[in-house]
Amino acid sequence: MAYRWTNTLTKADVTPKSAYLNRRQILAGTIGLGAIGLAGGAAAQGNLEPNTLEEITSYNNYYEFGTGKNDPAQNAHRLVTSPWSIKVDGMVDNPGDYALDDLLAGLSVEDRLYRFRCVEAWSMVVPWNGIELADILDRVGVQSRAKYVAFETVVQPENMIGVQRRVLDFPYVEGLRLDEAMHPLTIMATGIYDEPLYNQSGAPIRLVVPWKYGFKSIKSIVRITLTDREPPTSWNKANAREYGFYSNVNPNVDHPRWSQATERRIGGGLFAPRQDTLMFNGYPEVAPLYAGQDLSVDI
Ligand SMILES: Nc1nc2c(c(=O)[nH]1)N[C@H]1C(S)=C(S)[C@@H](COP(=O)(O)O)O[C@H]1N2
Ligand SMILES: [Mo]
């Protein structure tokens, strides 16, 4: 099945992209709830309006291309995305250097309209196209000893101004616990609005974990490692007090330097009221993953 929408769209917007979305949703016959237990997110989402492609591709965090919000849009054309291969290693049955097309061949591309909440307290709504990470992990054969998945972003120093300036310790690395990685909400995105990812969005393939702060959604991935140890993550390495491994969106646990109770929706206009931030960013179906954990400790 090709399309699994996770929300309803009610406002017939004048922008072509929104009109397109409505049409696709009707074609897919999935107005209303998602098909695979994503109903909690759907219920909480209400009348979710996607951001425009222009908004999504001009306000970015991709520090390899600079720290300003418009820097990636200006600089990421220098990223070389073809050919692209991903090294899969660690505790897997089928390790190797996979050409991207081979790794994804035959896997179903899903359409997922997700909230996206940056730890800096801004947010968007993004219509991703992507493949469930679980499908990819099943293909490479996760061994039973594996407990975590580690990810690494490409480094092309000559093309990346932020790498030249060492604004972070590169390569950018991220990680998930295996149960988080296998959750059906977790996708490897290859497109937005049915167009291949723009470079500034993490072309050709990036992680999207919609219940976690945006920095977990690592871009332009070249390596996936299955491991039995919690992997290092870039922002935790940079400032462990402010950024933990879990980084679940949580309005009740403030960042040491600002409140996480509300967020500013990009594109809302100058006078739009801030919105309440939702627990797990409005995806309560992931709560069982953290049963028995204190989420004010496991930040
Ligand atoms: N490689 C890499 N991945 C990254 C980042 C980065 O700087 N480098 N920034 C993260 C942060 S902080 C956020 S909020 C999201 C932003 O994704 P977007 O620009 O597509 O909205 O990407 C995440 N992935
Ligand atoms: Mo972020």
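For this chain, numbers begin at 1 and follow the sequence in order. As the structure lists them, so they are numbered: ligands from 1, and atoms in each ligand from 1.
Aromatic rings from Tyr172 and Tyr63 are positioned such that their centres are separated by 6.0 Å or more.
Here is the list of ligand 1 atoms found below 4.0 Å of a heavy atom in Asn60: 18 (P), 19 (O), 20 (O). Contact atoms of ligand 1 toward Thr153: 1 (N) (distance under 4.0 Å to a heavy atom of the residue). Under a 4.0 Å criterion applied to the non-hydrogen atoms of Cys118, ligand 1 contributes the atoms 14 (S). Interface of Arg206 with ligand 1, defined as ligand atoms under 4.0 Å from a residue heavy atom, comprises 15 (C), 17 (O), 20 (O), 22 (O). For ligand 1 and Ser217, the ligand atoms under 4.0 Å from any heavy atom of the residue are 22 (O), 23 (C), 24 (N).
By the criterion of a heavy-atom distance under 4.0 Å, neither the backbone nor the side chain of Trp235 is placed next to ligand 1. Neither the backbone nor the side chain of Lys216 has any atom closer than 4.0 Å to an atom of ligand 1 (non-hydrogen atoms only). Under 4.0 Å from ligand 1, not a single heavy atom of Met124 appears.
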*Using the salt bridge (charged side-chain N to carboxylate O under 4.0 Å, His left out) rule, take Glu132 and Arg112 through it: C-alpha gap first, then chi angles, then the decisive distance, then the call.*
CA-CA 10 Å; Glu132 288 187 8; Arg112 299 284 177 86; 2.7 Å; yes
*Does the salt bridge (charged side-chain N to carboxylate O under 4.0 Å, His left out) test come out yes or no for Glu263 and Arg274, once each step is laid out?*
CA-CA 5 Å; Glu263 63 201 55; Arg274 294 178 70 88; over 6 Å; no
*Test Tyr114 against Leu185 for side-chain contact (heavy atoms from CB on, under 4.5 Å), laying out the working first.*
CA-CA 9 Å; Tyr114 282 163; Leu185 282 170; 3.6 Å; yes
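Side-chain atoms of Arg264 do not come within 3.5 Å of backbone N or O of Trp122 as any donor-acceptor pair. Counting only distance, with no hydrogens or angles, the side chain of Asn70 and the backbone of Ser58 share a donor-acceptor pair below 3.5 Å.
Closest heavy-atom approach to atom 6 (C) of ligand 1 among the candidates Tyr172, Tyr198, Phe170: Tyr172. Comparing heavy-atom distances from atom 8 (N) of ligand 1 across Glu55, Glu174, Glu64, Met160 singles out Glu64 as nearest.
A continuous path of ILVMFWY side-chain contacts below 4.5 Å connects Val126 to Ile187, so both sit in one hydrophobic cluster.
A salt bridge is absent between Lys147 and Asp228: the closest approach of a Lys/Arg side-chain nitrogen to an acidic carboxylate oxygen does not fall below 4.0 angstrom.
Every N/O-N/O distance between Ser201 and ligand 1 stays at or above 3.5 Å. The N/O atoms of Trp122, backbone and side chain alike, include none that comes under 3.5 Å of an N/O atom in ligand 1. Taking any N or O of Asn61, backbone or side chain, at least one lies under 3.5 Å from an N or O belonging to ligand 1.
Scanning all protein heavy atoms for the shortest distance to atom 7 (O) of ligand 1 gives Tyr63 N, 2.7 Å. The closest protein non-hydrogen atom to atom 21 (O) of ligand 1 is Phe116 CE2, 3.7 Å. Remark: minimum distance from atom 18 (P) of ligand 1 to any protein heavy atom is reached at Lys219 NZ, 3.3 Å.
No side-chain donor from either of Gln275 and Thr277 sits under 3.5 Å from a side-chain acceptor of the other.
At least one cation-pi condition fails for Lys212 and Phe280: the charged atom is not both under 6.0 angstrom from the six-membered ring centre and inside a 45 degree cone around its axis.
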